[in-house]
Amino acid sequence: MEIDSGDRKFALPVDSEHKATEFRVYSVAWPHMRAFHLSWVSFFACFVSTFAAPPLLPIIRDNLNLTATDIGNAGIASVSGAVFARITMGTACDLFGPRLASAALTLLTAPAVYCFAVANSPVSFLLVRFFTGFSLATFVSTQFWMSSMFTAKVVGTANGVAGGWGNLGGGATQLIMPLVFGLIKNIGATKFTAWRIAFFIPALFQTISAYAIFFLGQDMPDGNYAELHKSGDKYKDKFKDVFYNATTNYRGWILALTYGYCFGVELTVDNIIAQYFYDRFNVNLHTAGIIAASFGLANLFSRPGGGMLSDIVAKRYGMRGRLWALWIVQTIGGLLCVLLGRVGSLSASVAVMVVFSVFVQAACGLTFGVVPFVSRRSLGIISGMAGGGGNVGAVITQVIFFRGSRYKTETGITLMGIMIICCTLPILFMYFPQWGGMFFGPSKGTTEEDYYGAEWSEAEKEKGFHKPCMKFANNSKSERGKRVASAATPVDGTPPSGVVYV
């Protein structure tokens, strides 16, 4: 059934920005749900490519004579490249749209995956992992795209499911690569040849997904950025203004730190967990891969569950509920990480790891339940800052705890849990004047229009450039929780002085 929205027809109900107000996961309706499926599949492909090496490390390290330090450096390289790539991706999304930005990066990084087949030294292995890791910046375009397609009431769910299903690639590759390796080896290839050929599978998958996004996707409900800029329906913003608004908003920096110790921890575990169980508990390569896969595969429901939880608590408690849920879930994840490093039996370690994975991945979904509300004008860069923070957290954690032989792996895991707890505390200080924070309510008389309108100069407002943001401000009133406006706010202004909020 098509739903009329002015002169446009959509398969899903939409708000005044033509963003979908429902999230139907089994639908492929144009353009909202098609964007959802294209984004998570592409991000999934990039995750498979980036973490295709860890499950085969016991074979690769023998072929290339990798030391523990070489392996640690390669793991750091695989996540460090995306630090600045994610911020750049956020800027590209703001200026050119998520479709073009995502397709371009996915296609440009695919050759690095093919180059695994010719790696012949520790340095070349590190380089291909480094350049492949740039593809993880497609996470930013995924979250930006969902925030452009779905309204405030369901954006946490959309971001959580898209990000979570994309992250599934980190678990799926733990199963896929040993199976592909085994199949190629059984056909007749030697083990040192089989692992090289195996990398053609994720490389081809990533290439196909790039073309699918470019030819089948659309930036926004009303069209692609180029078309909207040309028609005058969307203001072509300036980089310096977008960048300034993002970097001067402290909330973005807090979420970057928070994300560094949920998603950053997830990346770290993806890099170390198979080898950890292989070395510490003497399980075989296939079993280690299955155990490691169970960590990443929890993203099927854990990160989406975090996004859904964010939307659920927001219906009753608004933004303050989103912040409380994020802090509680991530802190519990930190405590479980500490426990994971302390238990000494295989069965107990697997059990704790599975529960830990649920909480740390749910925290990722909860983080991006908050991100879309930090800024409307600079949504891409804020998303890139938060996403880049995840990679920074992974780099710092691996450099300190999992590079070389300074700490035993189990000790590093325990210390990583302590860092999670500490780096989650700044959430306590996040405050939105129109909605409040964890301990304080909203500032009296401050509206959503005041907050998002402050990102624009008076001259820009006179030209009407801020009007799309005012639509978003009006649609985000749901973040008041039970404090629902008794009268609608005009999309180009603030409420009349006599309007009372209850």
Side-chain angles (χ1 to χ4, degrees), residues 5-6 8 10 12-23 31-32 35 90 93-95 97-98 143-159 219-223 225 228-229 233-237 241-242 245-246 249 251-252 255 307 310-311 314-315 318-319 322 368-384 386 432-435 442 446-457 460-461 463-481 483-485 487-495 501:
S5 181
R8 296 295 304 274
F10 298 96
L12 300 181
V14 297
D15 64 12
S16 60
E17 296 179 275
H18 294 170
K19 292 182 179 181
T21 58
E22 294 182 5
F23 179 76
H32 307 90
C93 286
D94 278 327
L95 300 179
Q143 302 296 281
F144 184 98
W145 211 354
M146 295 304 94
S147 298
S148 299
M149 287 290 184
F150 295 91
T151 197
K153 294 181 180 179
V154 296
V155 70
T157 299
N159 275 336
D219 287 318
M220 297 182 73
D222 295 326
Y225 269 39
L228 297 173
H229 288 154
D233 290 333
K234 181 174 175 58
Y235 170 58
K236 191 170 184 177
D237 218 331
D241 296 328
V242 174
N245 277 303
N249 193 321
R251 301 166 192 84
L255 290 172
S310 186
D311 287 340
K315 287 180 182 178
M319 178 56 68
R322 292 186 192 269
F368 271 84
V370 177
V371 166
F373 301 98
V374 172
S375 170
R376 180 57 186 167
R377 187 176 189 179
S378 305
L379 172 61
I381 296 185
I382 292 291
S383 298
F432 290 87
Q434 73 277 34
W435 299 317
T446 303
T447 67
E448 289 80 2
E449 288 75 16
D450 294 332
Y451 179 80
Y452 294 110
E455 296 183 320
W456 301 86
S457 68
E460 289 170 328
K461 289 179 181 178
K463 296 177 180 178
F465 296 156
H466 71 306
K467 286 186 177 180
C469 284
M470 294 302 96
K471 288 184 179 181
F472 178 80
N474 190 47
N475 291 326
S476 67
K477 284 178 169 37
S478 57
E479 294 308 302
R480 301 174 181 178
R483 296 175 62 254
V484 180
T489 302
V491 298
D492 59 350
T494 55
Y501 296 97

Would you call N159 and P372 a side-chain contact if the rule is heavy atoms closer than 4.5 Å?
->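 Of all side-chain heavy-atom pairs linking P372 with N159, at least one is under 4.5 Å.
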Check: H18 and M220 side chains under 4.5 Å, non-hydrogen atoms |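 They are not in side-chain contact.
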Atom of [X], atom of [Y] and distance for their closest heavy-atom approach:
X	Y	value
V155	M146	CG2-O, 4.3 Å
Y225	C93	CE2-O, 3.3 Å
D222	L228	O-CD2, 3.8 Å
S310	R322	OG-NH1, 2.8 Å
D94	G380	OD1-N, 2.9 Å
K19	S147	NZ-O, 3.0 Å

Go through N475 and S16 one step at a time and tell me if the side-chain hydrogen bond (donor to acceptor under 3.5 Å, both in side chains) criterion holds.
-> CA-CA 8 Å; N475 291 326; S16 60; 3.1 Å; yes
Once you round to the nearest 0.5 Å, how far does CG of D311 lie from CZ of F150?
->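 Between atom CG of D311 and atom CZ of F150 there are 11.5 Å.
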Between the side chain of [X] and the main-chain N/O of [Y], is any donor-acceptor distance below 3.5 Å?
X	Y	value
W435	P442	no
N474	K471	no
H32	T21	no
K153	A314	no
D15	T151	no

For the rings on F432 and F373, is their centre-to-centre separation under 6.0 Å?
->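 Distance test on ring centres: not under 6.0 Å, no.
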Aromatic Y452 / basic R376 pairing, under 6.0 angstrom, 45° off normal |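 So R376 doesn't make the cation-pi contact.
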Of Q434, H466, K477, the residue whose pairing with E449 passes side chain to side chain donor-acceptor pair (under 3.5 Å) =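 The option that passes is K477.
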Between the side chains of S375 and N245, does any donor sit under 3.5 Å from an acceptor?
->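 On atom types as modelled, these side chains do not qualify, holding no pair under 3.5 Å.
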Is the closest side-chain donor-acceptor distance between E460 and S457 under 3.5 Å?
->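 Side-chain D/A pair, E460 to S457: present.
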Are any of the side-chain nitrogens in D241 or R377 under 4.0 Å away from the carboxylate oxygens of its partner?
->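 A salt bridge is present here (some side-chain N lies under 4.0 Å from a carboxylate O).
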Residue list, side chain to side chain donor-acceptor pair (under 3.5 Å) with N249, at least two apart or on another chain =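 Checked N249 against side chain to side chain donor-acceptor pair (under 3.5 Å); matches are R251, Y451.
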